[in-house]
Amino acid sequence: MSLISVGSMAFDAIETPFGKVDQIVGGAGTYIAYAASNFVQPVQQISIVGYDFPKAEMAELESRGVQLDGVEVVPDKKSFFWSGRYHMDMNTRDTLVTDLNVLADFKPVVPDQFQGADFLMLGNLAPATQLSVINQLKTRPKLIVMDTMNFWMDIALADLLAVLKKVDVLMVNDSEARQLSGEYSLVKAARKVMEMGPKFLVIKKGEHGALLFHDKHVFFAPALPLEDVFDPTGAGDTFAGGFIGYLAKTGDISFDNMKTAIIVGSAMASFCVEQFGPNRLKEITKADIDARIGEFVQLVNFDIDLS
Ligand code: AMP
């Protein structure tokens with residue numbers, strides 16, 4: 001099953017209590033592609049970069065089955081740049097710099113050869129940009145998953161509500177689910193958000209795992225307790241890439257299969273945080289991924305006898 005991934009490809013500067021990098025490749029689309037390509041190929045990438053985005057990174061992505069025909073290269077502008085500093089708990093961070101650069105004029109064009117894709121992953125971008133990709137598709141994908149953030153709720157709520165009507169799965173963190181719904185209870189928040197359009201809602205809670213809501217059902221996946229968390233940047237996007245990559249591989253979009261996809265996404269995110277940027281995602285093999293998923297099974301597996 002084919003998958004289109006839309007998202008930023010960027011340079012990041014990151015500061016955590018454990019280290020600092022002034023320039024490393026990042027961007028939601030980059031993380032999604034690295035994660036999803038472990039499960040499905042090709043990943044059909046739609047993004048925009050400047051003259052400075054490393055050719056070696058593009059080649060690395062292509063070698064993993066990521067098709068870059070939908071990635072516009074602007075010869076006289078810089079790539080998107082984001083900088084953030086994490087607090088001691090690593091669950092919260094301050095954005096220090098957002099230089100949109102090429103992203104300011106991003107008008108995604110879906111290449112003809114991407115038409116007919118079964119799965120669409122909309123990474124965190126302006127809702128109008130996300131909507132433009134949906135509207136260009138001649139046949140609706142089997143599943144549309146979308147990520148967003150509080151920033152768009154603050155400045156583009158009407159556009160965001162319009163996209164929400166057209167997607168199947170929304171992924172947000174707990175504070176964003178509360179902001180969007182105006183409800184503190186995540187159960188009430190989920191109900192309200194699902195009334196806005198998406199039939200499924202994933203609420204990410206960083207090191208405290210993730211919840212999947214659908215109809216009256218709820219499923220919880222923990223995050224793996226890790227000895228060292230180096231850099232959480234991109235964990236949400238990596239989670240999304242693993243989630244949709246697994247669904248695209250299996251072609252099954254039932255709630256039950258989404259539970260497995262949530263575990264797969266959590267396993268991928270647990271690798272992402274082990275090193276700065278997407279570095280760790282470039283090292284891991286299928287055996288590493290399978291072993292990590294096995295650790296999740298062990299983490300939550302218990303017998304209970306109430307007799
Ligand atoms: P995450 O840690 O999963 O929230 O994603 C972090 C990635 O998102 C970084 O690599 C950034 O380059 C990228 N990013 C941050 N802000 C934005 C934005 N406003 N639009 C698009 N991408 C962004």
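The model shown is predicted, which means the values in this text are computed figures rather than measured ones. The figures that follow rest on heavy atoms only: side chains count, while hydrogens, waters and symmetry mates do not. Counting starts at 1 for both ligands and their atoms, following the listed order.
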So which protein heavy atom does [atom] come closest to, and at what separation?
| atom | answer |
| --- | --- |
| atom 22 (N) of ligand 1 | Ser8 OG, 2.8 Å |
| atom 4 (O) of ligand 1 | Arg93 NH2, 2.9 Å |
| atom 16 (N) of ligand 1 | Trp82 CD1, 3.7 Å |
| atom 7 (C) of ligand 1 | Asp237 OD2, 3.7 Å |
| atom 20 (N) of ligand 1 | Asn124 O, 3.7 Å |

What I want to know is whether [X] and ligand 1 share at least one N or O pair that is separated by under 3.5 angstrom.
| X | value |
| --- | --- |
| Asp12 | yes |
| Met149 | no |
| Gly27 | yes |
| Gly236 | yes |

[X] with [Y]: basic N within carboxylate O range, under 4.0 Å:
| X | Y | result |
| --- | --- | --- |
| Asp118 | Arg140 | no |
| Arg292 | Asp290 | no |
| Arg93 | Glu15 | no |

* Asked: Rounded to the nearest 0.5 Å, how far apart are CG of Leu3 and CE of Met121?
  ->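 Between atom CG of Leu3 and atom CE of Met121 there are 9.0 Å.
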* Asked: Can you tell me how far CD1 of Ile46 sits from CG of Asp69, rounded to the nearest 0.5 angstrom?
  ->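 The distance works out to 10.0 Å.
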* Partner residues of Phe200 under the ring-ring contact (aromatic ring centres under 6.0 Å, His included) criterion, sequence neighbours left out -> His214
* Pair listing, side-chain hydrogen bond (donor to acceptor under 3.5 Å, both in side chains) test, anchored in residues 193-202, at least two apart ->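 Sorted result for residues 193-202: Asp168-Lys199.
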* To do: Run down the list Phe80, Phe11, Phe239 and name the one with the heavy atom closest to atom 17 (C) of ligand 1.
  => Phe80
